[in-house]
Amino acid sequence: MKRMNIVKLFGAAALAVTLAACGGGSGEAAAPAEEEATEEAAATETDYSFFAGQWRGSVEVTGETVYGTAGGNEQMLDVVFGDDGTVEVTPLEAHADLLTDSGTYEGTESEVTLHLSSGDITLTVVDNATMSGNAADFGIDGFDTINFDFYG
């Protein structure tokens, strides 16, 4: 009888030590919390492949000609998004006085934020090949909006 109680006591002690080492429960109980943390981290990460490439920024211009009002687009600058989260803003030669800067970016399906050394700029995603932003953020006076088209 004593021998049986001793075996039970050692068995209970071994089980208690095992449970204590696992945080008082089985390893399966922690899985949902780990899964939620992984899903939350994935939701906050930027899918850089969506933005990666060259985006050409232009403003809509109108003017008077001998034939009446004419309009078009004036190309101003390039924003190149790296697939590693880096971004570089470079004006075209004809507009060398505009913003030249680099930094990082992060984005979602609806907007992308450029974190440049001169400050943050937010662009609105219109569709898979078009974004728009505030022209003044890039040093462009006299225009409200700058539109970006994906160039590849």
Side-chain angles (χ1 to χ4, degrees), residues 13-152:
L15 182 60
V17 169
T18 303
L19 287 175
C22 292
S26 70
E28 293 175 20
E34 291 173 10
E35 189 174 304
E36 286 177 20
T38 302
E39 288 173 5
E40 188 175 303
T44 60
E45 290 180 11
T46 297
D47 178 11
Y48 295 118
S49 65
F50 176 82
F51 303 103
Q54 176 184 350
W55 295 74
R56 173 74 44 97
S58 61
V59 294
E60 291 184 31
V61 294
T62 58
E64 294 295 320
T65 69
V66 294
Y67 302 106
T69 303
N73 292 315
E74 176 73 20
Q75 296 182 347
M76 306 297 269
L77 52 86
D78 288 331
V79 176
V80 178
F81 295 97
D83 57 6
D84 60 352
T86 59
V87 64
E88 188 172 317
V89 179
T90 308
L92 299 180
E93 188 175 332
H95 301 286
D97 60 326
L98 297 179
L99 178 68
T100 301
D101 207 342
S102 61
T104 61
Y105 70 96
E106 59 186 344
T108 65
E109 292 178 1
S110 60
E111 69 181 25
V112 60
T113 302
L114 287 65
H115 303 290
L116 304 172
S117 61
S118 59
D120 290 354
I121 297 175
T122 300
L123 302 176
T124 302
V125 176
V126 177
D127 57 38
N128 288 344
T130 314
M131 288 190 274
S132 65
N134 183 356
D137 291 344
F138 294 93
I140 302 170
D141 294 330
F143 296 91
D144 293 332
T145 305
I146 182 168
N147 297 307
F148 291 90
D149 295 311
F150 184 68
Y151 267 50

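What you see is a predicted model; the values in this text were computed from it and never measured.
Judged as a side chain to side chain contact (heavy atoms under 4.5 Å, CB included), and not counting sequence neighbours, D144 has no contacts. Under the side chain to side chain contact (heavy atoms under 4.5 Å, CB included) criterion, T145 pairs with S132, N147, sequence neighbours left out. Every residue two or more places apart in sequence or in another chain that forms a side chain to side chain contact (heavy atoms under 4.5 Å, CB included) with Q54 is listed here: R56, D78, V80, Y151. Partners of A129 by side chain to side chain contact (heavy atoms under 4.5 Å, CB included), not counting sequence neighbours, listed by chain and number: D127, F150.
Residue pairs that meet the side-chain hydrogen bond (donor to acceptor under 3.5 Å, both in side chains) test with at least one member in residues 80-103, sequence neighbours left out, are E74-H95, D84-T86, D101-S117, D101-S118. Sorted by first and then second residue, the salt bridge (Lys or Arg N to Asp or Glu O under 4.0 Å) pairs involving residues 107-117 (not counting sequence neighbours) form an empty list. Sequence neighbours left out, the pairs with a member in residues 111-144 that pass ring pair (Phe, Tyr, Trp, His ring centres under 6.0 Å) are F138-F148.
Put simply, the side chain of V79 does not reach to within 4.5 Å of the side chain of Y105, judged on heavy atoms. At least one side-chain heavy atom of F50 sits less than 4.5 Å from a side-chain heavy atom of N128.
In this structure, G82 and A52 approach most closely via the heavy-atom pair C-CB, 4.3 Å.
To the nearest 0.5 angstrom, T130 atom OG1 is 7.0 Å from W55 atom CH2. Taking CG from D120 and CD from E106, the interatomic distance works out to 8.0 Å, rounded to the nearest 0.5 Å. Put simply, CG on L99 and CG on L114 are 9.0 Å apart, with the number rounded to the nearest 0.5 Å. Taking CG of L98 as the reference point, atom CE of M76 lies at 5.0 Å (rounded to 0.5 Å).
In summary, of the residues considered (V125, I121, V126), a side-chain contact (heavy atoms from CB on, under 4.5 Å) with L123 occurs for I121 alone.
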